[in-house]
Protein chains: 2
Amino acid sequence: MTTVEPRLEPGDVLVDPAPRVSDPEAGRRSRKKQRTRDDLIAAGDYLFATQGFDATTTTDIAERADVSQRTLFRHFPTKESLLYGDLDDTRLQLRESLASRPADEPILVSVRESMLSLAEDFERHRDRRLLQARLAASSPAVSAYSRAVVQFSWEREIIAAVAARLGVDPLKDPRPEVVAGAAMSAVRIAMRQWTVSGGTLDFMTLNAAALESIASLSDLG
Amino acid sequence: MTTVEPRLEPGDVLVDPAPRVSDPEAGRRSRKKQRTRDDLIAAGDYLFATQGFDATTTTDIAERADVSQRTLFRHFPTKESLLYGDLDDTRLQLRESLASRPADEPILVSVRESMLSLAEDFERHRDRRLLQARLAASSPAVSAYSRAVVQFSWEREIIAAVAARLGVDPLKDPRPEVVAGAAMSAVRIAMRQWTVSGGTLDFMTLNAAALESIASLSDLG
DNA sequence: GTACATTATGTCAGTCGCTGACATTCGTCA
DNA sequence: TGACGAATGTCAGCGACTGACATAATGTAC
(Lines give C-alpha, C1' and ligand atoms only; values in the text may rest on other atoms or scores of the structure.)
Protein backbone atom coordinates (compact mmCIF):
# COMPACT_ATOMS: atom_id res chain seq x y z
CA MET A 1 0.00 0.00 0.00
CA THR A 2 2.40 2.68 -1.18
CA THR A 3 1.13 6.19 -0.74
CA VAL A 4 1.92 9.59 -2.10
CA GLU A 5 2.07 11.91 0.85
CA PRO A 6 1.18 15.58 0.60
CA ARG A 7 3.72 18.34 0.94
CA LEU A 8 2.12 21.48 2.22
CA GLU A 9 3.43 24.88 1.32
CA PRO A 10 4.95 26.93 4.14
CA GLY A 11 2.08 29.39 3.98
CA ASP A 12 -0.59 26.79 4.63
CA VAL A 13 -2.45 26.82 7.87
CA LEU A 14 -1.75 23.61 9.67
CA VAL A 15 -3.96 23.50 12.72
CA ASP A 16 -7.30 24.85 13.72
CA PRO A 17 -6.64 27.56 16.29
CA ALA A 18 -9.43 25.78 18.16
CA PRO A 19 -11.28 27.79 20.80
CA ARG A 20 -10.23 25.34 23.52
CA VAL A 21 -13.23 26.42 25.54
CA SER A 22 -13.31 23.56 28.06
CA ASP A 23 -16.69 23.91 29.71
CA PRO A 24 -15.90 25.78 32.93
CA GLU A 25 -18.79 23.95 34.60
CA ALA A 26 -16.88 20.69 34.71
CA GLY A 27 -14.17 19.98 37.25
CA ARG A 28 -10.45 20.11 36.85
CA ARG A 29 -10.31 16.42 35.95
CA SER A 30 -12.54 16.58 32.90
CA ARG A 31 -10.91 19.82 31.85
CA LYS A 32 -7.50 18.18 31.87
CA LYS A 33 -8.90 15.25 29.95
CA GLN A 34 -10.33 17.54 27.32
CA ARG A 35 -7.00 19.31 27.23
CA THR A 36 -4.98 16.20 26.41
CA ARG A 37 -7.59 15.28 23.82
CA ASP A 38 -7.18 18.66 22.19
CA ASP A 39 -3.42 18.36 22.38
CA LEU A 40 -3.54 14.99 20.66
CA ILE A 41 -5.70 16.32 17.85
CA ALA A 42 -3.43 19.31 17.40
CA ALA A 43 -0.34 17.10 17.38
CA GLY A 44 -1.97 14.78 14.88
CA ASP A 45 -3.08 17.59 12.59
CA TYR A 46 0.39 19.09 12.59
CA LEU A 47 2.25 15.87 11.92
CA PHE A 48 -0.26 14.61 9.36
CA ALA A 49 -0.04 17.92 7.52
CA THR A 50 3.73 18.06 7.49
CA GLN A 51 4.63 14.38 7.04
CA GLY A 52 1.51 12.81 5.63
CA PHE A 53 -0.82 10.32 7.29
CA ASP A 54 0.97 7.03 6.67
CA ALA A 55 4.40 8.41 7.47
CA THR A 56 3.23 9.63 10.85
CA THR A 57 3.42 7.19 13.74
CA THR A 58 0.98 7.11 16.63
CA THR A 59 4.05 7.18 18.85
CA ASP A 60 5.17 10.39 17.13
CA ILE A 61 1.82 11.97 17.82
CA ALA A 62 1.77 10.86 21.43
CA GLU A 63 5.26 12.21 22.03
CA ARG A 64 4.38 15.54 20.47
CA ALA A 65 1.35 15.76 22.73
CA ASP A 66 3.58 14.70 25.60
CA VAL A 67 1.56 11.66 26.58
CA SER A 68 2.11 7.94 26.24
CA GLN A 69 0.94 6.09 23.16
CA ARG A 70 -1.41 4.13 25.39
CA THR A 71 -3.15 7.32 26.37
CA LEU A 72 -3.67 8.23 22.74
CA PHE A 73 -5.56 5.00 22.21
CA ARG A 74 -7.62 5.63 25.32
CA HIS A 75 -8.92 8.80 23.71
CA PHE A 76 -9.21 7.58 20.13
CA PRO A 77 -9.96 4.03 19.00
CA THR A 78 -7.94 4.33 15.79
CA LYS A 79 -5.37 6.55 14.17
CA GLU A 80 -7.97 7.61 11.61
CA SER A 81 -10.46 8.65 14.27
CA LEU A 82 -7.90 11.10 15.55
CA LEU A 83 -8.07 12.91 12.24
CA TYR A 84 -11.86 12.95 12.30
CA GLY A 85 -12.22 13.64 16.00
CA ASP A 86 -15.18 15.94 15.51
CA LEU A 87 -17.19 13.42 13.54
CA ASP A 88 -19.97 13.25 16.10
CA ASP A 89 -20.45 17.00 16.17
CA THR A 90 -20.96 17.12 12.44
CA ARG A 91 -23.26 14.13 12.43
CA LEU A 92 -25.48 15.48 15.20
CA GLN A 93 -25.60 18.84 13.52
CA LEU A 94 -26.80 17.17 10.34
CA ARG A 95 -29.37 15.24 12.34
CA GLU A 96 -30.73 18.38 13.96
CA SER A 97 -30.80 20.18 10.66
CA LEU A 98 -32.82 17.35 9.12
CA ALA A 99 -35.20 17.25 12.07
CA SER A 100 -35.79 20.99 11.97
CA ARG A 101 -37.13 21.07 8.42
CA PRO A 102 -40.87 21.70 8.20
CA ALA A 103 -42.87 18.51 7.76
CA ASP A 104 -44.73 19.81 4.73
CA GLU A 105 -41.57 20.65 2.85
CA PRO A 106 -40.77 18.46 -0.16
CA ILE A 107 -38.29 15.81 0.92
CA LEU A 108 -35.65 16.60 -1.67
CA VAL A 109 -35.73 20.21 -0.54
CA SER A 110 -35.30 19.19 3.09
CA VAL A 111 -32.35 17.02 2.22
CA ARG A 112 -30.80 19.70 0.07
CA GLU A 113 -31.14 22.40 2.70
CA SER A 114 -29.71 20.12 5.38
CA MET A 115 -26.73 19.27 3.26
CA LEU A 116 -26.15 22.96 2.86
CA SER A 117 -25.99 23.27 6.64
CA LEU A 118 -23.19 20.77 6.35
CA ALA A 119 -21.53 23.20 4.00
CA GLU A 120 -21.56 25.80 6.75
CA ASP A 121 -19.65 23.35 8.88
CA PHE A 122 -17.06 23.08 6.13
CA GLU A 123 -16.54 26.79 6.05
CA ARG A 124 -16.45 27.07 9.83
CA HIS A 125 -13.70 24.43 10.04
CA ARG A 126 -12.18 25.25 6.70
CA ASP A 127 -8.56 24.35 7.44
CA ARG A 128 -9.35 21.07 9.11
CA ARG A 129 -11.76 19.95 6.39
CA LEU A 130 -9.17 20.82 3.76
CA LEU A 131 -6.55 18.84 5.62
CA GLN A 132 -8.87 15.86 5.90
CA ALA A 133 -9.73 16.04 2.22
CA ARG A 134 -6.10 16.31 1.17
CA LEU A 135 -5.07 13.40 3.33
CA ALA A 136 -7.96 11.37 1.97
CA ALA A 137 -6.71 12.10 -1.52
CA SER A 138 -3.20 10.95 -0.67
CA SER A 139 -3.75 8.03 1.68
CA PRO A 140 -5.99 5.05 0.91
CA ALA A 141 -6.43 4.43 4.61
CA VAL A 142 -7.89 7.88 5.16
CA SER A 143 -9.98 7.69 2.03
CA ALA A 144 -11.45 4.37 3.12
CA TYR A 145 -12.19 5.70 6.58
CA SER A 146 -13.85 8.78 5.18
CA ARG A 147 -16.13 6.69 3.01
CA ALA A 148 -16.83 3.79 5.32
CA VAL A 149 -17.12 5.63 8.61
CA VAL A 150 -17.59 9.38 8.24
CA GLN A 151 -19.73 9.59 5.13
CA PHE A 152 -21.58 6.45 6.09
CA SER A 153 -22.59 8.02 9.39
CA TRP A 154 -24.01 11.00 7.51
CA GLU A 155 -25.79 8.69 5.10
CA ARG A 156 -27.50 6.89 7.96
CA GLU A 157 -28.83 10.16 9.28
CA ILE A 158 -30.35 11.00 5.92
CA ILE A 159 -31.84 7.54 5.55
CA ALA A 160 -33.43 7.72 8.99
CA ALA A 161 -34.82 11.19 8.38
CA VAL A 162 -36.25 10.41 4.94
CA ALA A 163 -37.72 7.12 6.12
CA ALA A 164 -39.37 8.88 9.03
CA ARG A 165 -40.78 11.55 6.76
CA LEU A 166 -42.14 8.99 4.33
CA GLY A 167 -43.33 6.83 7.18
CA VAL A 168 -41.73 3.74 5.69
CA ASP A 169 -39.33 1.03 6.81
CA PRO A 170 -35.93 1.81 5.24
CA LEU A 171 -35.17 -1.90 5.08
CA LYS A 172 -38.12 -2.45 2.77
CA ASP A 173 -38.67 0.76 0.87
CA PRO A 174 -35.54 1.54 -1.17
CA ARG A 175 -36.27 5.24 -1.57
CA PRO A 176 -34.70 6.58 1.63
CA GLU A 177 -31.40 4.90 0.94
CA VAL A 178 -31.43 5.81 -2.74
CA VAL A 179 -32.07 9.45 -1.90
CA ALA A 180 -29.31 9.34 0.67
CA GLY A 181 -26.91 7.72 -1.78
CA ALA A 182 -27.58 10.37 -4.39
CA ALA A 183 -27.18 13.14 -1.84
CA MET A 184 -23.90 11.72 -0.56
CA SER A 185 -22.59 11.49 -4.10
CA ALA A 186 -23.45 15.12 -4.59
CA VAL A 187 -21.61 16.06 -1.43
CA ARG A 188 -18.58 14.06 -2.52
CA ILE A 189 -18.41 15.90 -5.81
CA ALA A 190 -18.71 19.24 -4.07
CA MET A 191 -16.01 18.23 -1.61
CA ARG A 192 -13.71 17.19 -4.44
CA GLN A 193 -14.23 20.36 -6.42
CA TRP A 194 -13.79 22.41 -3.29
CA THR A 195 -10.61 20.56 -2.41
CA VAL A 196 -8.92 20.90 -5.78
CA SER A 197 -9.69 24.61 -5.68
CA GLY A 198 -7.73 24.74 -2.45
CA GLY A 199 -10.84 25.84 -0.60
CA THR A 200 -11.15 29.04 -2.61
CA LEU A 201 -14.42 28.17 -4.33
CA ASP A 202 -17.62 28.53 -2.35
CA PHE A 203 -18.55 25.16 -0.95
CA MET A 204 -22.17 26.17 -0.52
CA THR A 205 -22.50 26.96 -4.20
CA LEU A 206 -20.76 23.79 -5.33
CA ASN A 207 -22.89 21.68 -3.04
CA ALA A 208 -26.12 23.33 -4.14
CA ALA A 209 -25.29 22.76 -7.79
CA ALA A 210 -24.54 19.10 -7.27
CA LEU A 211 -27.67 18.57 -5.22
CA GLU A 212 -29.78 20.21 -7.90
CA SER A 213 -28.98 17.38 -10.26
CA ILE A 214 -30.79 14.84 -8.11
CA ALA A 215 -34.24 16.05 -9.05
CA SER A 216 -33.32 16.03 -12.72
CA LEU A 217 -32.19 12.43 -12.65
CA SER A 218 -35.33 11.09 -14.26
CA ASP A 219 -34.51 13.13 -17.38
CA LEU A 220 -31.86 10.52 -18.05
CA GLY A 221 -34.71 8.07 -18.48
CA MET B 1 -13.05 -2.79 17.78
CA THR B 2 -15.02 -5.64 19.32
CA THR B 3 -16.90 -7.70 16.82
CA VAL B 4 -19.72 -10.20 16.91
CA GLU B 5 -18.60 -13.13 14.87
CA PRO B 6 -21.06 -15.28 12.94
CA ARG B 7 -21.80 -18.86 13.83
CA LEU B 8 -22.88 -20.79 10.80
CA GLU B 9 -25.24 -23.70 11.08
CA PRO B 10 -23.84 -27.12 10.23
CA GLY B 11 -25.97 -27.32 7.11
CA ASP B 12 -24.53 -24.17 5.57
CA VAL B 13 -22.31 -24.42 2.58
CA LEU B 14 -18.93 -23.10 3.49
CA VAL B 15 -16.88 -22.97 0.36
CA ASP B 16 -17.52 -22.50 -3.30
CA PRO B 17 -16.96 -25.89 -4.94
CA ALA B 18 -14.96 -23.82 -7.39
CA PRO B 19 -14.34 -25.31 -10.84
CA ARG B 20 -10.58 -25.21 -10.27
CA VAL B 21 -10.14 -25.13 -14.03
CA SER B 22 -6.54 -23.94 -14.20
CA ASP B 23 -6.13 -23.04 -17.83
CA PRO B 24 -4.41 -26.10 -19.31
CA GLU B 25 -2.63 -23.81 -21.77
CA ALA B 26 -0.29 -22.51 -19.11
CA GLY B 27 2.65 -24.48 -17.81
CA ARG B 28 3.03 -26.38 -14.59
CA ARG B 29 4.42 -23.32 -12.82
CA SER B 30 1.43 -21.04 -13.33
CA ARG B 31 -0.88 -23.93 -12.63
CA LYS B 32 0.75 -24.48 -9.26
CA LYS B 33 0.57 -20.78 -8.54
CA GLN B 34 -3.11 -20.72 -9.35
CA ARG B 35 -3.51 -23.79 -7.19
CA THR B 36 -2.01 -22.24 -4.08
CA ARG B 37 -4.11 -19.15 -4.72
CA ASP B 38 -7.23 -21.29 -4.83
CA ASP B 39 -6.13 -23.16 -1.74
CA LEU B 40 -5.65 -19.91 0.14
CA ILE B 41 -9.10 -18.67 -0.82
CA ALA B 42 -10.66 -21.97 0.18
CA ALA B 43 -8.82 -21.99 3.49
CA GLY B 44 -9.87 -18.42 4.13
CA ASP B 45 -13.50 -19.05 3.26
CA TYR B 46 -13.62 -22.06 5.53
CA LEU B 47 -11.99 -20.41 8.52
CA PHE B 48 -13.87 -17.14 8.08
CA ALA B 49 -17.15 -19.04 7.91
CA THR B 50 -16.47 -21.18 10.94
CA GLN B 51 -14.60 -18.75 13.20
CA GLY B 52 -15.51 -15.34 11.84
CA PHE B 53 -13.27 -12.83 10.11
CA ASP B 54 -11.57 -11.12 13.03
CA ALA B 55 -10.98 -14.31 14.97
CA THR B 56 -9.15 -15.84 12.03
CA THR B 57 -5.45 -15.20 11.74
CA THR B 58 -3.58 -14.91 8.47
CA THR B 59 -1.19 -17.46 9.92
CA ASP B 60 -4.12 -19.82 10.48
CA ILE B 61 -5.14 -19.46 6.85
CA ALA B 62 -1.63 -19.97 5.56
CA GLU B 63 -1.17 -23.09 7.66
CA ARG B 64 -4.45 -24.54 6.49
CA ALA B 65 -3.40 -23.92 2.89
CA ASP B 66 -0.02 -25.42 3.78
CA VAL B 67 2.02 -22.41 2.76
CA SER B 68 3.95 -19.79 4.70
CA GLN B 69 2.24 -16.61 5.82
CA ARG B 70 4.63 -14.71 3.58
CA THR B 71 3.28 -16.54 0.56
CA LEU B 72 -0.25 -15.54 1.48
CA PHE B 73 0.75 -11.90 1.35
CA ARG B 74 2.46 -12.41 -1.98
CA HIS B 75 -0.87 -13.50 -3.44
CA PHE B 76 -3.13 -11.07 -1.60
CA PRO B 77 -2.21 -7.57 -0.42
CA THR B 78 -4.55 -7.67 2.59
CA LYS B 79 -6.56 -10.14 4.62
CA GLU B 80 -9.74 -8.55 3.30
CA SER B 81 -8.69 -8.97 -0.32
CA LEU B 82 -8.48 -12.70 0.31
CA LEU B 83 -12.19 -12.70 1.02
CA TYR B 84 -12.92 -10.68 -2.11
CA GLY B 85 -10.41 -12.42 -4.33
CA ASP B 86 -12.68 -12.29 -7.36
CA LEU B 87 -13.26 -8.57 -7.18
CA ASP B 88 -11.64 -7.89 -10.52
CA ASP B 89 -13.75 -10.46 -12.34
CA THR B 90 -16.94 -8.86 -11.10
CA ARG B 91 -15.75 -5.36 -11.86
CA LEU B 92 -14.69 -6.19 -15.38
CA GLN B 93 -17.94 -8.01 -16.00
CA LEU B 94 -19.81 -4.91 -14.92
CA ARG B 95 -17.65 -2.81 -17.21
CA GLU B 96 -18.35 -5.02 -20.19
CA SER B 97 -22.01 -5.08 -19.43
CA LEU B 98 -22.11 -1.30 -19.33
CA ALA B 99 -20.14 -1.02 -22.55
CA SER B 100 -22.39 -3.45 -24.37
CA ARG B 101 -25.59 -1.46 -23.88
CA PRO B 102 -26.87 0.20 -27.07
CA ALA B 103 -25.88 3.84 -27.32
CA ASP B 104 -29.42 5.02 -27.94
CA GLU B 105 -30.78 3.35 -24.82
CA PRO B 106 -31.84 5.68 -21.99
CA ILE B 107 -29.03 5.90 -19.51
CA LEU B 108 -31.00 4.82 -16.48
CA VAL B 109 -32.09 1.74 -18.39
CA SER B 110 -28.51 0.93 -19.31
CA VAL B 111 -27.43 1.25 -15.73
CA ARG B 112 -30.33 -0.80 -14.46
CA GLU B 113 -29.74 -3.59 -16.93
CA SER B 114 -26.04 -3.68 -16.13
CA MET B 115 -26.69 -3.89 -12.43
CA LEU B 116 -28.93 -6.83 -13.14
CA SER B 117 -26.03 -8.55 -14.83
CA LEU B 118 -24.31 -8.09 -11.51
CA ALA B 119 -27.22 -9.95 -10.00
CA GLU B 120 -26.43 -12.91 -12.22
CA ASP B 121 -22.99 -12.93 -10.71
CA PHE B 122 -24.53 -13.10 -7.26
CA GLU B 123 -26.57 -16.13 -8.15
CA ARG B 124 -23.65 -17.80 -9.87
CA HIS B 125 -21.48 -17.43 -6.75
CA ARG B 126 -24.33 -17.60 -4.32
CA ASP B 127 -22.52 -19.18 -1.37
CA ARG B 128 -19.50 -16.93 -1.58
CA ARG B 129 -21.57 -13.75 -1.89
CA LEU B 130 -23.64 -14.82 1.09
CA LEU B 131 -20.53 -15.48 3.11
CA GLN B 132 -19.11 -12.08 2.17
CA ALA B 133 -22.36 -10.36 3.09
CA ARG B 134 -22.63 -12.15 6.42
CA LEU B 135 -19.07 -11.34 7.33
CA ALA B 136 -19.62 -7.73 6.33
CA ALA B 137 -22.59 -7.65 8.67
CA SER B 138 -20.55 -9.02 11.56
CA SER B 139 -17.13 -7.42 11.11
CA PRO B 140 -16.58 -3.67 10.72
CA ALA B 141 -13.33 -4.35 8.90
CA VAL B 142 -15.08 -6.35 6.20
CA SER B 143 -17.94 -3.90 6.01
CA ALA B 144 -15.52 -1.02 5.52
CA TYR B 145 -13.60 -2.91 2.86
CA SER B 146 -16.77 -3.78 1.02
CA ARG B 147 -17.83 -0.15 0.93
CA ALA B 148 -14.51 1.53 0.37
CA VAL B 149 -12.92 -0.93 -2.04
CA VAL B 150 -15.39 -3.34 -3.61
CA GLN B 151 -18.44 -1.14 -4.03
CA PHE B 152 -16.31 1.86 -4.81
CA SER B 153 -14.71 -0.01 -7.70
CA TRP B 154 -18.16 -0.74 -9.10
CA GLU B 155 -19.19 2.85 -8.61
CA ARG B 156 -16.23 4.07 -10.61
CA GLU B 157 -17.24 1.85 -13.51
CA ILE B 158 -20.73 3.31 -13.53
CA ILE B 159 -19.42 6.85 -13.29
CA ALA B 160 -17.04 6.31 -16.20
CA ALA B 161 -19.72 4.71 -18.35
CA VAL B 162 -22.36 7.34 -17.67
CA ALA B 163 -19.90 10.17 -18.17
CA ALA B 164 -18.84 8.68 -21.48
CA ARG B 165 -22.43 8.29 -22.59
CA LEU B 166 -23.27 11.87 -21.64
CA GLY B 167 -20.02 13.09 -23.10
CA VAL B 168 -19.20 15.08 -19.98
CA ASP B 169 -16.34 15.39 -17.54
CA PRO B 170 -17.34 13.53 -14.36
CA LEU B 171 -15.28 15.96 -12.30
CA LYS B 172 -17.45 18.84 -13.45
CA ASP B 173 -20.87 17.44 -14.23
CA PRO B 174 -22.30 15.89 -11.07
CA ARG B 175 -24.83 13.66 -12.82
CA PRO B 176 -22.64 10.61 -13.51
CA GLU B 177 -21.61 10.32 -9.88
CA VAL B 178 -25.11 11.02 -8.58
CA VAL B 179 -26.56 8.32 -10.82
CA ALA B 180 -23.86 5.93 -9.70
CA GLY B 181 -24.47 6.75 -6.05
CA ALA B 182 -28.16 6.10 -6.40
CA ALA B 183 -27.54 2.86 -8.25
CA MET B 184 -25.08 1.65 -5.65
CA SER B 185 -27.55 2.42 -2.89
CA ALA B 186 -30.12 0.35 -4.71
CA VAL B 187 -27.71 -2.54 -5.00
CA ARG B 188 -26.88 -2.28 -1.30
CA ILE B 189 -30.53 -2.54 -0.36
CA ALA B 190 -31.02 -5.51 -2.62
CA MET B 191 -27.93 -7.17 -1.15
CA ARG B 192 -29.16 -6.58 2.38
CA GLN B 193 -32.64 -7.92 1.68
CA TRP B 194 -31.15 -10.88 -0.13
CA THR B 195 -28.78 -11.57 2.75
CA VAL B 196 -31.35 -11.47 5.52
CA SER B 197 -33.47 -13.86 3.51
CA GLY B 198 -30.54 -16.25 3.58
CA GLY B 199 -30.26 -16.06 -0.17
CA THR B 200 -33.72 -17.54 -0.70
CA LEU B 201 -35.27 -14.46 -2.27
CA ASP B 202 -34.53 -13.73 -5.92
CA PHE B 203 -31.71 -11.21 -6.06
CA MET B 204 -32.65 -10.15 -9.57
CA THR B 205 -36.14 -9.19 -8.48
CA LEU B 206 -34.95 -7.33 -5.39
CA ASN B 207 -32.35 -5.46 -7.37
CA ALA B 208 -34.79 -4.52 -10.11
CA ALA B 209 -37.29 -3.19 -7.59
CA ALA B 210 -34.69 -1.04 -5.87
CA LEU B 211 -33.37 0.30 -9.15
CA GLU B 212 -36.88 1.22 -10.26
CA SER B 213 -37.08 3.77 -7.49
CA ILE B 214 -34.29 5.88 -8.97
CA ALA B 215 -36.41 7.20 -11.81
CA SER B 216 -39.22 8.08 -9.40
CA LEU B 217 -36.96 10.14 -7.19
CA SER B 218 -38.18 13.46 -8.52
CA ASP B 219 -41.65 12.62 -7.19
CA LEU B 220 -40.22 13.38 -3.78
CA GLY B 221 -39.81 16.92 -5.00
C1' DG C 1 -8.28 17.97 56.73
C1' DT C 2 -7.93 13.08 56.56
C1' DA C 3 -9.39 8.69 54.35
C1' DC C 4 -11.33 6.40 50.69
C1' DA C 5 -13.00 5.71 46.07
C1' DT C 6 -12.53 7.14 41.09
C1' DT C 7 -10.30 8.09 37.12
C1' DA C 8 -6.69 9.39 33.95
C1' DT C 9 -2.29 8.07 32.86
C1' DG C 10 2.27 5.42 32.49
C1' DT C 11 4.65 1.13 31.77
C1' DC C 12 5.24 -3.23 29.81
C1' DA C 13 4.52 -7.14 27.36
C1' DG C 14 2.17 -9.17 23.74
C1' DT C 15 -0.82 -10.04 19.33
C1' DC C 16 -1.56 -9.42 14.59
C1' DG C 17 -1.33 -7.48 9.93
C1' DC C 18 2.15 -6.67 6.84
C1' DT C 19 7.06 -5.94 4.63
C1' DG C 20 12.07 -6.18 3.25
C1' DA C 21 16.01 -9.08 2.64
C1' DC C 22 18.07 -13.18 1.61
C1' DA C 23 18.32 -18.12 0.76
C1' DT C 24 16.30 -22.14 -1.55
C1' DT C 25 13.60 -24.87 -4.49
C1' DC C 26 11.58 -25.92 -8.71
C1' DG C 27 9.80 -25.10 -13.45
C1' DT C 28 11.44 -23.51 -17.96
C1' DC C 29 14.00 -23.26 -21.92
C1' DA C 30 18.09 -23.17 -24.60
C1' DT D 1 22.17 -30.97 -18.71
C1' DG D 2 22.86 -26.57 -17.05
C1' DA D 3 21.66 -21.86 -16.49
C1' DC D 4 18.08 -18.62 -15.59
C1' DG D 5 14.07 -16.97 -13.27
C1' DA D 6 9.78 -17.33 -10.73
C1' DA D 7 7.57 -18.97 -6.54
C1' DT D 8 8.27 -20.02 -1.97
C1' DG D 9 10.37 -20.37 2.85
C1' DT D 10 12.69 -18.19 6.70
C1' DC D 11 13.64 -14.55 9.66
C1' DA D 12 13.76 -10.22 11.56
C1' DG D 13 11.32 -6.11 12.14
C1' DC D 14 7.73 -2.17 12.06
C1' DG D 15 3.45 -0.19 13.47
C1' DA D 16 -1.37 -0.28 15.04
C1' DC D 17 -3.66 -1.72 18.88
C1' DT D 18 -4.83 -4.20 23.61
C1' DG D 19 -4.81 -6.28 28.35
C1' DA D 20 -2.90 -6.06 32.91
C1' DC D 21 -1.07 -3.79 36.54
C1' DA D 22 0.93 0.14 39.07
C1' DT D 23 0.79 5.07 40.12
C1' DA D 24 -0.69 9.60 40.72
C1' DA D 25 -4.07 13.04 40.53
C1' DT D 26 -8.74 14.29 41.49
C1' DG D 27 -13.30 14.06 43.63
C1' DT D 28 -15.98 12.90 47.78
C1' DA D 29 -17.51 11.57 52.42
C1' DC D 30 -16.74 12.25 57.06
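Within every chain, numbering begins at 1; the chains are lettered A, B, ... in the order of the sequence lines, protein sequences first and strands thereafter.
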Whole-Å distance between [N] [atom2] and [X] [atom1]?
X	N	atom1	atom2	answer
B/K79	C/dC18	NZ	P	8 Å
A/E80	D/dA16	CD	C1'	9 Å
A/Q34	C/dT9	CD	P	11 Å
A/R28	D/dA24	CZ	P	18 Å
A/E63	C/dT9	CD	P	17 Å
A/L82	D/dA16	CG	P	11 Å
B/R35	C/dG27	CZ	C1'	17 Å
B/F73	D/dT8	CZ	C1'	15 Å

(message) Would you say B/S68 and B/T71 are linked by a side-chain donor-acceptor pair, where the criterion is simply a distance under 3.5 Å?
(response)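 There is such a pair between these side chains.
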For the pair [X] and [Y], find out whether any cationic side-chain nitrogen is under 4.0 Å from an anionic carboxylate oxygen.
X	Y	answer
A/E155	A/R91	no
A/R64	A/D60	no
B/D86	B/R129	yes

(message) So, OP1 or OP2 of D/dA7: does either fall under 4.0 Å of a side-chain N or O from B/H75?
(response)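 No.
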(message) At less than 4.0 Å, is any side-chain N or O atom of A/T58 found next to OP1 or OP2 of D/dA16? Yes or no.
(response)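 Yes, such a contact exists.
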(request) Test the B/R126-B/F122 pair against the cation-pi criterion, namely NZ or CZ under 6.0 angstrom from the six-membered ring centroid and within 45° of the ring axis. (result)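 Output no; distance or angle outside limits.
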(message) Within the 4.0 Å heavy-atom criterion, would you say B/T57 contacts the bases, only the backbone, or no part of the nucleic acid?
(response)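 Touches sugar-phosphate only.
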Nearest to the side chain of [X], heavy atoms from C-beta on, is which of [options]?
X	options	result
A/T36	C/dG20, C/dG17, C/dT9	C/dT9
B/R70	C/dT19, C/dC18, D/dC17	C/dT19
B/T71	D/dC17, D/dG9, C/dG17	D/dG9

(message) Can you work out whether B/F76 or A/K33 has the more 5'-proximal nearest nucleotide on DNA chain C?
(response)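 In this pair, the answer is A/K33.
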(message) Which is more 5' along DNA chain D, the nucleotide nearest B/R29 or the one nearest B/K32? Just name the residue.
(response)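 On the 5' side of the pair lies B/R29.
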(request) Tell whether A/R74 reaches the base of C/dG10 with its side chain through a donor-acceptor pair below 3.5 angstrom. (result)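 Between C/dG10 and A/R74, which were checked side chain against base, a qualifying N/O pair under 3.5 Å is present.
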